[in-house]
Amino acid sequence: FFFSSRRRHTRCLSDWSSDVCSSALAVADREARNGVWLAEQGLDVTSIDFSSHAQDKARALAKKRGVSITLECVDVHAWPYPENTFDVVVEIFTQFSTPEERIVKWDGMIRCLKPGGLLLLEGYTPKQLEFKTGGPKEVERLYTHDMLKNGFAKLARFDIKQYETHMSEGAGHAGMAAVIDLVAWK
């Protein structure tokens, strides 16, 4: 795994309770580290990603951890995001979308979230370019407070936090990181 298969779970994933949730969507979940973790919390998880190779690794990780998840190999920008389907939607460090694709994807994530559902998003801020410890190299792919506030303004309420933290996630993310989290409810 380029990004460690046994990860430190992000603040926005670790700080919520699955007590009132039964279904989750993990967007651009790559090797399904987040999807598998959510399944370990007792959720029925759908993990979407464009890479069949990554999903082969996801299948092996789920088997190793003794959980079941639904894997769909799709373009996350073209997936139909069925309306009011998931209690939880997560997108963690998936900053490969162009600004135009990001709008489509985020609108879909909001649409498929059930009323009262929880949306968790984590990514890098432009300050990450100074650290050079992972993430995209193009500033337009990095998240700002205003970008998240505008992108998720349709939701009932949200909390956005920016901070710096040390990450140790394998060769793909190691060292200080400039991170932004969105925790939101529909």
Side-chain angles (χ1 to χ4, degrees), residues 3 7-16 24-30 33-35 37-38 46-51 54 74-167 169 172-186:
F3 305 105
R7 75 179 297 178
R8 160 200 72 83
H9 275 84
T10 61
R11 181 191 69 84
C12 67
L13 266 184
S14 297
D15 288 356
W16 70 278
L25 173 67
V27 177
D29 200 24
R30 298 169 305 281
R33 295 176 306 151
N34 296 310
W37 185 85
L38 289 162
T46 299
S47 170
I48 61 173
D49 196 84
F50 70 93
S51 170
V74 298
D75 176 350
V76 300
H77 307 108
W79 198 63
Y81 293 93
E83 192 168 350
N84 300 326
T85 303
F86 299 99
D87 296 305
V88 179
V89 174
V90 301
E91 183 188 32
I92 309 293
F93 291 112
T94 65
Q95 293 172 269
F96 58 85
S97 304
T98 65
E100 297 78 21
E101 291 169 331
R102 187 172 50 233
I103 292 167
V104 171
K105 178 178 59 176
W106 286 355
D107 283 347
M109 290 166 54
I110 293 167
R111 182 176 56 254
C112 75
L113 193 61
K114 289 179 181 176
L118 177 65
L119 190 142
L120 305 169
L121 180 142
E122 185 168 47
Y124 292 115
T125 70
K127 186 168 182 171
Q128 179 63 18
L129 295 174
E130 297 173 26
F131 292 125
K132 300 178 182 169
T133 55
K137 308 296 184 244
E138 305 85 14
V139 71
E140 65 272 7
R141 296 181 195 269
L142 300 168
Y143 300 158
T144 66
H145 185 278
D146 286 345
M147 178 190 297
L148 297 182
K149 181 179 173 184
N150 294 333
F152 294 95
K154 297 175 192 172
L155 294 173
R157 60 188 173 104
F158 53 83
D159 180 35
I160 300 170
K161 289 197 168 52
Q162 288 184 220
Y163 55 98
E164 295 175 14
T165 188
H166 186 274
M167 294 182 70
E169 306 262 335
H173 297 287
M176 286 303 294
V179 177
I180 189 166
D181 292 345
L182 171 98
V183 178
W185 296 264
K186 188 173 185 181

Crowding at NZ, Lys132 (>12 non-hydrogen neighbours, <6.0 Å)
no

Exercise: identify the closest heavy-atom pair between Leu38 and Ala24
CD1-CB, 4.1 Å

For His77 and Phe96, take the angle between the two ring planes, folded into 0 to 90°, and tell me which bin it lands in: parallel under 30, tilted 30 to 60, perpendicular over 60.
perpendicular

Tell me the closest heavy-atom pair linking Ala28 and Asp49, and the distance in Å.
C-OD1, 3.3 Å

I'd like to know if the side chain of Thr98 pairs up with that of Glu140 as donor and acceptor (distance under 3.5 Å, no hydrogens or angles considered).
no

State whether the side chain of Gln128 and the backbone N or O of Gly134 hold a donor-acceptor pair below 3.5 Å, judged by distance alone.
yes

Determine whether Val183 and Leu118 make a side-chain contact, defined as any pair of heavy atoms from C-beta on separated by less than 4.5 Å.
yes

Could I get the full list of salt bridge (charged side-chain N to carboxylate O under 4.0 Å, His left out) partners for Glu101, not counting sequence neighbours?
none

Is any side-chain heavy atom of Phe152 less than 4.5 Å from a side-chain heavy atom of Ile110?
yes

Contacts of Phe158 that satisfy ring-ring contact (aromatic ring centres under 6.0 Å, His included) - sequence neighbours left out:
none

Distance-minimising heavy-atom pair for Tyr124 and Gln95
N-OE1, 2.6 Å

Just verifying a value: how many Å separate Met176 CE and Glu130 CD, rounded to the nearest 0.5 Å?
11.5 Å

So Ile92 and Thr94, side-chain contact (heavy atoms from CB on, under 4.5 Å) or not? Walk me through it.
CA-CA 6 Å; Ile92 309 293; Thr94 65; 5.7 Å; no

Side chains of Ile160 and Ile180: closer than 4.5 Å at any heavy-atom pair?
yes

Test item: Leu119 and Phe86 side chains (from C-beta on) under 4.5 Å apart, heavy atoms
no

Heavy-atom side-chain proximity of Asn84 to Pro115 below 4.5 angstrom:
yes

Looking at Leu142 and Leu129, what are the two nearest heavy atoms and their distance?
CD1-CG, 3.6 Å

Check salt bridge (charged side-chain N to carboxylate O under 4.0 Å, His left out) between Glu138 and all other residues, then give those that pass, not counting sequence neighbours.
Arg141

Which pair of non-hydrogen atoms, one from Pro126 and one from Val139, has the smallest distance, and what is that distance?
CB-CG2, 4.0 Å

Residues that Lys114 engages under salt bridge (charged side-chain N to carboxylate O under 4.0 Å, His left out), provided they are two or more places apart:
Asp87

Could you tell me which residues satisfy side chain to side chain contact (heavy atoms under 4.5 Å, CB included) with Pro80, sequence neighbours excluded, listed by chain and number?
none

Taking the side chain as everything from C-beta on, heavy atoms only, tell me whether Leu121 gets closer than 4.5 Å to Asp181.
no

Value for NZ (Lys161) from CG (Leu148), rounded to nearest 0.5 Å, stands at 13.5 Å

Taking the side chain from Ser47 and the backbone from Asp29, do they hold a donor-acceptor pair closer than 3.5 Å?
no

Flag yes if more than 12 heavy atoms outside Phe131 fall under 6.0 Å of its CZ atom; otherwise flag no.
yes

Under the 3.5 angstrom rule, does the side chain of Thr85 hit a backbone N or O of Glu83 as a donor-acceptor pair?
yes

Leu25 vs Trp79 side-chain heavy atoms within contact, under 4.5 Å:
yes

According to side chain to side chain donor-acceptor pair (under 3.5 Å), does anything in residues 143-157 pair up with another residue at least two apart or in another chain? List the pairs.
Asp107-Lys154

Measure the shortest side-chain to side-chain distance between Val27 and Lys105 over non-hydrogen atoms and say whether it is less than 4.5 angstrom.
yes

